[in-house]
Structures are given as C-alpha cells and as structure tokens.
Amino acid sequence: MARPQMLKLPEVLKEIGMSRAAFYRMRARGMAPKLIKLPNGQLRCRRSDLDAWWSSMEETAA
C-alpha cells in the first residue's frame, strides 16, 4: 500500500500563495486545510486534504 503524499508547511504556503501568519490566522478560524502534527512538532498536510480544501474553497466562492 502506497503512503499518502505529505507536504511540508512551506510547500503548502507556496502552493496557496499565503504567508505563514495569514495561514495561522485562517487556521485559528477553522478555515485552513487539515494538518498533521508530527511527534517532532513539524506540521504536514496530506495532498488529498489540500486538494479537498481547494475544492471546498471553489464551492464557497461560487
């Protein structure tokens, strides 16, 4: 079974074109893509979760 692609937070920020501060504000409001916190404290986002988030943003904008 293949492992899901995991993106580092800087990769996510680059893809969505957002600063870290703006992303954390959006996350505090519950509007950011789902993140996974690793035992070492780093954050990761599954590619599938980011794609689902993009889709939900398209639906709310329409």
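Looking at heavy atoms from C-beta onward, Arg20 lies in side-chain contact with Pro10 at the 4.5 angstrom threshold. Side chains of Met6 and Arg46 form a contact here, defined as non-hydrogen atoms less than 4.5 Å apart.
In this structure, OG in Ser19 is found 6.0 Å from CZ in Arg25, a value given to the nearest 0.5 Å. A distance of 9.0 Å separates SG of Cys45 from CG of Leu9, quoted to the nearest 0.5 Å.
Taking Arg47 as the reference, Glu15, Asp51 meet the side-chain hydrogen bond (donor to acceptor under 3.5 Å, both in side chains) condition, with sequence neighbours excluded. The side-chain contact (heavy atoms from CB on, under 4.5 Å) search around Ile16 returns Val12, Met18, Phe23, Leu50, Trp53, Trp54, not counting sequence neighbours.
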Pair up each side-chain donor or acceptor in residues 27-42 with any protein partner under 3.5 Å, not counting sequence neighbours, and list the distances.
unit_1: Asn40; atom_1: OD1; unit_2: Gln42; atom_2: N; d: 3.0
unit_1: Gln42; atom_1: OE1; unit_2: Arg44; atom_2: NH1; d: 3.1
unit_1: Gln42; atom_1: OE1; unit_2: Arg44; atom_2: NH2; d: 2.9

